Undergrad: 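First the structure, then my questions, so here it is.
Scope of the values below: all heavy atoms of this structure, side chains included, with no hydrogens, waters or symmetry mates. Because the structure is a prediction, the values reported are computed rather than measured.
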Amino acid sequence: MTDKTSVKQIEPFAHPAAQAAIGVEGGTTGWKGELLHIHIAPAASYEMEELSKATCVAGRGIEGDRYFLGTGTYSPRPDVREITLIEQEALDALARNDPPLQEGPVVLAPEEHRRNLTVRGVPLNHLVGRRFRVGEVILRGGRLNFPCKYLENLLDRPLFLPLYNRSGLNCGIEKGGTIQPGDVIELLD
């Protein structure tokens with residue numbers, strides 16, 4: 001197991017995508033979302049385990065998760081990976097084949113998408129370079145998560161193109177604490 005001190009993480013607001021967004025007016029405001037599911041995996045390719053609550057540690061990630069432990073597929077590559085989110089709305093769109101980018105609908109369950117948090121009512125693409133709260137935890141949006149062939153190959157489903165531009169948000173944890181499904185999610189700045 002790799003010790004987190006040997007895994008280089010990019011501070012979320014230091015990522016070039018966040019740097020470009022910080023201080024720029026715009027984006028959506030006035031929304032309030034909800035945390036639906038929490039998932040972790042102890043190592044790369046392991047099945048995701050659903051949690052009824054989780055402890056988030058600032059600068060590290062979710063206790064027990066592969067990126068907290070430094071055992072994730074992309075752990076050796078410096079990036080913003082303390083915690084990842086995906087919108088339930090994106091999963092619903094895949095199940096409707098909307099837009100029709102593959103032969104038919106693709107059902108992707110919350111335990112399959114490899115993101116830590118599944119959320120509803122949260123405009124993730126607008127949160128790069130922004131601070132927001134999930135329950136008592138404060139996150140900083142670092143960069144959009146891009147789909148990868150790894151996920152497509154792991155699940156043997158056509159996911160790369162349908163998830164493009166809606167594959168989630170990679171964040172850093174500014175203030176840790178405990179989260180659980182049902183927690184409110186709201187913009188701080």
Side-chain angles (χ1 to χ4, degrees), residues 1-2 4 7 9-12 15 17-18 33-92 94 108-128 130-148 150-151 154-155 159 163 166-187:
M1 184 177 336
T2 305
K4 178 66 176 173
V7 178
Q9 290 284 333
I10 295 175
E11 204 283 333
H15 191 281
E34 178 186 7
L35 175 58
L36 301 177
H37 303 279
I38 304 167
H39 287 91
I40 63 169
S45 302
Y46 277 53
E47 286 187 18
M48 299 294 282
E49 170 189 343
E50 186 160 13
L51 302 178
S52 60
K53 66 176 160 177
T55 301
C56 299
V57 179
R60 293 276 314 259
I62 299 176
E63 284 185 357
D65 186 57
R66 61 206 182 280
Y67 288 103
F68 179 91
L69 300 169
T71 59
T73 299
Y74 300 104
S75 288
R77 300 179 190 171
D79 206 343
V80 179
R81 287 195 180 87
E82 292 173 15
I83 193 166
T84 58
L85 293 80
I86 192 166
E87 298 172 20
Q88 180 63 48
E89 293 86 347
L91 303 177
D92 294 343
L94 284 176
L108 186 60
E111 67 274 8
E112 294 179 307
H113 55 60
R114 312 298 296 170
R115 309 300 180 257
N116 300 119
L117 308 182
T118 306
V119 301
R120 182 187 345 261
V122 181
L124 295 179
N125 286 16
H126 294 265
L127 297 180
V128 173
R130 306 288 190 259
R131 294 170 65 243
F132 59 102
R133 178 184 316 277
V134 178
E136 65 184 39
V137 173
I138 297 176
L139 301 180
R140 292 179 286 177
R143 74 166 179 89
L144 295 179
N145 195 320
F146 294 100
C148 60
Y150 171 79
L151 180 62
L154 185 68
L155 298 177
L159 294 167
L163 281 177
R166 56 183 181 180
S167 189
L169 179 68
N170 291 5
C171 299
I173 301 169
E174 179 178 305
K175 177 184 172 271
T178 302
I179 57 173
Q180 59 189 4
D183 280 350
V184 170
I185 305 171
E186 56 192 354
L187 185 67

Undergrad: Can you confirm whether Leu139 sits close enough to Ile173 that some side-chain heavy atom of one is under 4.5 Å from a side-chain heavy atom of the other?
TA: yes
Undergrad: Looking at Arg140 and Glu11, does any basic side-chain N land under 4.0 Å from a carboxylate oxygen?
TA: yes
Undergrad: Kindly indicate, with the supporting measurements, whether the criterion salt bridge (charged side-chain N to carboxylate O under 4.0 Å, His left out) is fulfilled by Arg120 and Glu89.
TA: CA-CA 7 Å; Arg120 182 187 345 261; Glu89 293 86 347; 5.7 Å; no
Undergrad: Whether the side chain of Thr84 engages the backbone of Asn116 through a donor-acceptor N/O pair (distance < 3.5 Å, no angle test) should be reported.
TA: yes
Undergrad: With a 4.5 Å limit on heavy-atom distance, are the side chains of Phe132 and Leu85 in contact?
TA: yes
Undergrad: Of all heavy-atom pairs between Pro181 and Ser52, which one has the smallest distance, and what is that distance?
TA: CD-O, 3.2 Å
Undergrad: Are His39 and Glu49 close enough that a side-chain donor and a side-chain acceptor fall under 3.5 Å?
TA: no
Undergrad: Look up atom CZ in Arg81 and atom CZ in Arg66, then write down how far apart they are to the nearest 0.5 Å.
TA: 10.0 Å
Undergrad: Locate the shortest heavy-atom distance separating Pro12 from Cys171; write the atom from each residue and the value.
TA: CG-C, 4.5 Å
Undergrad: Verify side chain to side chain contact (heavy atoms under 4.5 Å, CB included) between Arg133 and Glu174, making sure each step is shown before the conclusion.
TA: CA-CA 10 Å; Arg133 178 184 316 277; Glu174 179 178 305; over 6 Å; no
Undergrad: With a 3.5 Å distance limit and no angle check, can you tell me whether Gln88 reaches the backbone of Thr118 through a side-chain donor-acceptor pair?
TA: no
Undergrad: What pair of heavy atoms forms the shortest contact from Ala54 to Ile38, and how long is it?
TA: CB-CG2, 3.8 Å
Undergrad: Please indicate whether Lys175 has more than 12 foreign heavy atoms, meaning atoms of other residues, nucleotides or ligands, lying under 6.0 Å from its NZ.
TA: yes
Undergrad: Distance from Leu51 atom CG to Glu63 atom CD, nearest 0.5 Å?
TA: 10.5 Å
Undergrad: Would you please say whether a donor-acceptor pair under 3.5 Å links the side chains of Ser167 and Arg115?
TA: yes
Undergrad: When you compare the side chain of Glu136 with that of Thr178, does any pair of heavy atoms fall below 4.5 Å?
TA: yes
Undergrad: Roughly how far, to the nearest 0.5 Å, is CG of Leu117 from CD of Glu87?
TA: 12.5 Å
Undergrad: Backbone N or O of Gly121 within a donor-acceptor pair of the Glu34 side chain at under 3.5 Å?
TA: no
Undergrad: Among Ile83, Ile40, Val57, find the one that has a side chain to side chain contact (heavy atoms under 4.5 Å, CB included) with Phe68.
TA: Val57
Undergrad: So, do Leu144 and Asn170 sit near enough that their side-chain heavy atoms are less than 4.5 Å apart?
TA: no
Undergrad: Looking only at atom types and distance, does a side-chain atom of Asp65 sit under 3.5 Å from a main-chain N or O of Ile62, one as donor and one as acceptor?
TA: no
Undergrad: Between His126 (side chain) and Pro123 (backbone), is there a donor-acceptor pair under 3.5 Å?
TA: no
Undergrad: Are any non-hydrogen side-chain atoms of Glu111 and Glu47 less than 4.5 angstrom apart?
TA: no
Undergrad: Counting neighbours of CZ on Arg166 that are heavy atoms of other residues, nucleotides or ligands and sit closer than 6.0 Å, is the number greater than 12?
TA: yes
Undergrad: Using every non-hydrogen atom in the two residues, find where Thr71 and Pro42 come nearest and quote the distance to one decimal.
TA: OG1-O, 2.6 Å
Undergrad: So do the side chains of Arg130 and Leu127 get within less than 4.5 Å of each other, counting heavy atoms only?
TA: yes
Undergrad: So, do Leu91 and Ile86 sit near enough that their side-chain heavy atoms are less than 4.5 Å apart?
TA: yes
Undergrad: For a quick test of reading the model, state the closest non-hydrogen atom pair linking Ile185 to Leu35 and the distance between them.
TA: CD1-N, 3.6 Å
Undergrad: Tell me the closest heavy-atom pair linking Ala44 and Gly72, and the distance in Å.
TA: CB-C, 4.0 Å
Undergrad: Taking NZ, NE, NH1 and NH2 as the nitrogens, is one of them in Arg60 or Glu82 under 4.0 Å from a carboxylate oxygen of the other?
TA: no
